[in-house]
Structures are given as structure tokens and as C-alpha cells.
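To start, the structure itself, in C-alpha cells.
It should be emphasised that the depicted structure is a prediction, and the values quoted were computed from it without experimental measurement. These values consider heavy atoms only, across backbone and side chains, with no hydrogens, waters or symmetry-generated copies.
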Amino acid sequence: MSRRPRTRLLRLAVTVAGGALLATGCNAAAAKKQEGGGAGPAFTLVTPDAVGQNEFLKLSVDGVKAAAAARTGSSKVYESTDAASRQQNVQAAVDAKPAVIVLVGFEFADLVAQQAEAHPDQKFLVVDACTGKTYANVSCAVFREHEAVFLAGAEAGLLTKSGKVGAVDVIDTPQFRRYSDPFAAGAKATTPSSEASTRFVGGQSPFNDSARAKEQASSLISGGTDQVMAAAAAGNYGVFEAAKAKGAFAYGVDVNQCAAAPGTVVDNVIKRTDVAVRKGVERVLGGQAGGTVSYGLKEGGISLTGLEENVAGSQCVIAQHPQVLDRVKQLRDQIVSGELKVDDPAAK
């Protein structure tokens, strides 16, 4: 069945319903890939979906491989396909008793909580989410997305011709305003006269409604907005379509989405899950298990495609604007040094 990969943005705002799932006997849905056979510790990664061409998950695989290589150990990847296989894979990982079990996404919050209580000696690292309750054997790695969104907004402020920028967000919550409010603030930082507007997808299926996202983007663009932050999860493709049709520009999230609409997508707010996994494992093995660590520009956990080494081949519009990138690099350095602080809507 054809299915577009969901962006990780989708995973941030939904809670797992249900709790325990019915266990089944064999794990036929899981794909298990093992690498390395050193004498060092073993690490297991469990993904919420098949990795395939999902760049976000591919980075997490890179991270666990790097962690194993650094310790002359081995890594195993369990790829899930649905809720049942996620539970089966988590159980299989626990049964194998690796040094650290790494899980990516909100889908694992309840499962990890159950296993952490039942197996207090097993170390877990949850990336891009966390359990509702704190456990001494559960470490969490989250991202300061708003820092890179601010930089994307700064690009929009420098590139806008109309003086109007905007964002299409999934729902109106502080967590998701991390993708709209800082975008407006970044545009103001580079073009003080700029104006910003936000539209929300909403409805019955805000994370998967490409048509509704396209409508909201079209509404913004019809009102003069020529730079649009796409924070509509799977609906981002609808935002890109609207921007392309009307000669406007858009910005993606989580991974490089420029290939989805070359000439239309300017840049992307990138989450470096490989960095979060590698550094998270290092913390756990270093005796710092438990608690939550956030990764932003300073830690290399958040970036823009335009700030990555491969920007020339990224198919992103920003590659054509080196002077804009020079200004963005200055702002990035100010954020990293602490000279410039970006407000976090989720912290209010």
C-alpha cells in the first residue's frame, strides 16, 4: 500500500491511547537488522514505523550504529509496522537485555513506562518524546525546535517581497506554536516591518489532512503571504502544492523536504536524531541515566538544511542565496552563545 512517510512533527502532539495491547506469539511484522559483533555493549533501536526512505528514522539508525562503533559493540534495529509489532519489538528488545534500548517517538511512551517498572535494571532512551512519569532507568531526548524555526523565519524575512510571512500549523497549542511564533519572530529580526499570520488545519484529522492544509496555505498566499512555514505534518505536501501553484515559497520540517517541491521549498528545520541517539547513549553509559536532555543548535541536535554541508545538492532554494545564509549563520552563533534567546511558546 502506498503511503507517504509522516513527518515527526505528527508524533509530538498525540498521546498513545489504550495502554497495553494484546500480545501475540511471533513477531512476523518486525524487521531485525544486526550490525557489528564486537565484545563491547549491545544496543537495540526500536522504530515506530519501517525505516525505508524515512530520513528521520534513518538518522536514528545511524546514531545507534555510531554508538555501538564507539564502544566496539553491536547494534540491532527492530522496525515496527503497527501498534502490535511495536509492543512485540519492545518485548523482544527487553528479553535480549542490551545495554541500552533506544526508542523513537511518542508511540512508545506507555510501553516504556510499563517495561521500566517491570525491569528497573534495563536502561531505556526515548527520543523525541518522554514518559509521563519519571523513571531512574528512562532517559529522554527532546528537541528545541523553536531555535531553528526562528532561523527559518529570519530567512523568510530576508527573502519576502510582500513583507508578509505566515505558517500553517496543525492545531493551536503551545507545542505546535513552536513552529509559527518563532517563525514570525525570526522574520521580525531581519525585517522589522514584516507581518505574520498563522492558519491552523484543525478538523477531524489535522495531522493527515493535506487538502485542508492546502486550503489554509492558499488563504494565506491569497492575502499576500509569500513565505509559508509548513508545520502541518503529512499536510505539508498540501502546503507545498499551494505555494508552487501560486508562486510562493515554503519551509519544511524534520527532514529535507525540498525534493518534494524543488524551487518552492526554501529550507527545512532539521531534527538530528542521530546526534540525540549517540549523545543520549553516551550519557546513559556514563552514569547519567534518567532525566530529560534537550538538543538545540548548541548541541547540534537542531539545524537547517541550509546550514548543513550538503546544501548545494539539497534542491533547496536557500542554496541560491549565500548572503542570506551568512546572516543566518550570524544569528545561529548568537543563539548558541546565549547572546540571543528565542522564546519557546511551549514554555509559557
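Using a distance-only test at 3.5 Å, with no hydrogens or angles considered, no donor-acceptor pair links the side chain of Glu195 to the main chain of Gly166. Between the Gln315 side chain and the Cys258 main chain, no donor and acceptor come within less than 3.5 Å of each other. The main-chain N or O of Gly296 is found under 3.5 Å from a side-chain atom of Glu299 such that the two form a donor-acceptor pair. Within the 3.5 Å criterion, the main-chain N or O of Asp274 finds no donor-acceptor partner in the side chain of Asp62. In terms of modelled atom types and a separation under 3.5 Å, the side chain of Ser162 and the main chain of Gly224 share a donor-acceptor contact. Proximity of a side-chain donor or acceptor of Glu79 to a complementary backbone N or O of Val51 within less than 3.5 Å is detected. Formation of a donor-acceptor pair under 3.5 Å by the Asp267 side chain with backbone atoms of Glu155 is not found in this model. Under a 3.5 Å cut-off, the side chain of Asn268 and the backbone N or O of Ile270 do not form any donor-acceptor pair. Not a single donor-acceptor pair under 3.5 Å links the side chain of Lys271 to the backbone N or O of Phe56. Of the possible donor and acceptor atoms, none in the side chain of Asn208 sits under 3.5 Å from a partner among the backbone N and O of Ala234.
Looking at heavy atoms from C-beta onward, Val102 lies in side-chain contact with Leu125 at the 4.5 angstrom threshold. Considering only heavy atoms from C-beta on, Glu308 comes within 4.5 Å of Arg272 through its side chain. The side-chain heavy atoms of Asn256 and Glu55, taken from C-beta on, include no pair separated by under 4.5 Å. The closest side-chain heavy-atom distance from Lys123 to Pro98 is not below 4.5 Å. Residues Val90 and Val112 fail the side-chain proximity criterion, which asks for heavy atoms closer than 4.5 Å. Side-chain contact between Val281 and Ser139: absent, with no pair of heavy atoms (C-beta onward) separated by less than 4.5 Å. Counting heavy atoms from C-beta outward, Ser60 and Leu45 have side chains that approach closer than 4.5 Å. Under the 4.5 Å side-chain criterion, counting only non-hydrogen atoms from C-beta, Ser180 is not in contact with Met229.
Partners of Phe150 by ring pair (Phe, Tyr, Trp, His ring centres under 6.0 Å), not counting sequence neighbours: none found. The side-chain contact (heavy atoms from CB on, under 4.5 Å) check on Ser222 picks up Lys246, with sequence neighbours excluded. The salt bridge (charged side-chain N to carboxylate O under 4.0 Å, His left out) test applied to Arg283 returns no partner, not counting sequence neighbours.
Shown here for Thr191 and Leu158, the closest heavy-atom pair between the two residues is OG1-N, 4.0 Å. Contact record, Ala242 with Lys214: CB-O, 3.7 Å, taken as the closest heavy-atom pair. Taking every heavy atom of both residues into account, Tyr295 and Ala276 meet most closely at OH-O, 4.0 Å. The nearest pair of heavy atoms linking Pro41 to Ala99 is CB-CB, 3.7 Å. For the pair Ala148 and Val269, the tightest heavy-atom approach, listed with the atom from each and the gap, is CB-CG1, 3.6 Å. For the residue pair Val165 and Ala156, the shortest heavy atom distance occurs at CG1-CB, 4.0 Å.
Clustering ILVMFWY residues whenever any of their side-chain heavy atoms sit less than 4.5 angstrom apart, transitively, puts Val149 in the very cluster that holds Phe249. No continuous path of ILVMFWY side-chain contacts below 4.5 Å connects Val126 to Val142, so the two sit in separate hydrophobic clusters. Under the 4.5 Å side-chain heavy-atom criterion for ILVMFWY residues, a single connected hydrophobic cluster contains both Leu111 and Phe124. A single hydrophobic cluster is not seen to contain both Leu59 and Leu103; linkage of ILVMFWY side chains at heavy-atom distances under 4.5 Å, directly or through other members, places them apart. Under the 4.5 Å side-chain heavy-atom criterion for ILVMFWY residues, a single connected hydrophobic cluster contains both Val328 and Val317.
Ring-plane geometry between Phe176 and Phe207 is classed as tilted, the angle between the planes lying from 30 to 60 degrees on a 0 to 90 degree scale.
Once rounded to the nearest 0.5 Å, the distance linking NE2 of His146 with CZ of Arg178 reads 5.5 Å. Note: Leu297 CG to Glu147 CD = 4.5 Å, rounded to the nearest 0.5 Å. Taken to the nearest 0.5 Å, the CG atom of Leu325 stands 6.5 Å off from the CG atom of Leu307. The CG atom of Asp82 sits 11.0 Å away from the CD atom of Gln87 when rounded to the nearest 0.5 Å. The CD atom of Glu107 sits 6.5 Å away from atom CG of Asp49, with the distance rounded to the nearest 0.5 Å. The line from CD1 of Ile302 to CD of Glu145 is 5.5 Å long, rounded to the nearest 0.5 Å.
No more than 12 heavy-atom neighbours from other residues, nucleotides or ligands sit within 6.0 angstrom of NZ on Lys298. For Lys58, the NZ atom is densely surrounded, since the number of other residues' heavy atoms within 6.0 Å is greater than 12.
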**Request:** Could you go through the side-chain contact (heavy atoms from CB on, under 4.5 Å) check for Val94 and Lys97 one step at a time?
**Result:** CA-CA 5 Å; Val94 170; Lys97 299 180 180 179; over 6 Å; no

**Message:** Working note: Gln114 + Asp110, criterion side chain to side chain donor-acceptor pair (under 3.5 Å); need CA distance, chi angles, decisive distance, verdict.
**Reply:** CA-CA 6 Å; Gln114 296 165 14; Asp110 287 353; 5.8 Å; no

**Request:** For the pair Ile335 and Leu151, evaluate side-chain contact (heavy atoms from CB on, under 4.5 Å) and give the outcome as yes or no after the intermediate values.
**Result:** CA-CA 10 Å; Ile335 294 173; Leu151 295 182; 4.0 Å; yes

**Request:** Go through the steps to decide whether Phe240 and Val265 satisfy the test side-chain contact (heavy atoms from CB on, under 4.5 Å), and finish with yes or no.
**Result:** CA-CA 7 Å; Phe240 301 156; Val265 181; 3.9 Å; yes

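Side chains of Asp326 and Gln330: no donor on one and acceptor on the other come within 3.5 Å. Between the side chains of Thr198 and Asp169, not a single donor N or O lies within less than 3.5 Å of an accepting N or O. A donor-acceptor contact closer than 3.5 angstrom is absent between the side chains of Gln288 and Glu282. With 3.5 Å as the limit, one finds a donor-acceptor pair spanning the side chains of Ser80 and Asn89.
The pair Asp172-Arg177 counts as a salt bridge, with a side-chain nitrogen and a carboxylate oxygen less than 4.0 angstrom apart. Classification of Arg212 and Glu215 as a salt-bridged pair holds, one side-chain N sitting under 4.0 Å from a carboxylate O.
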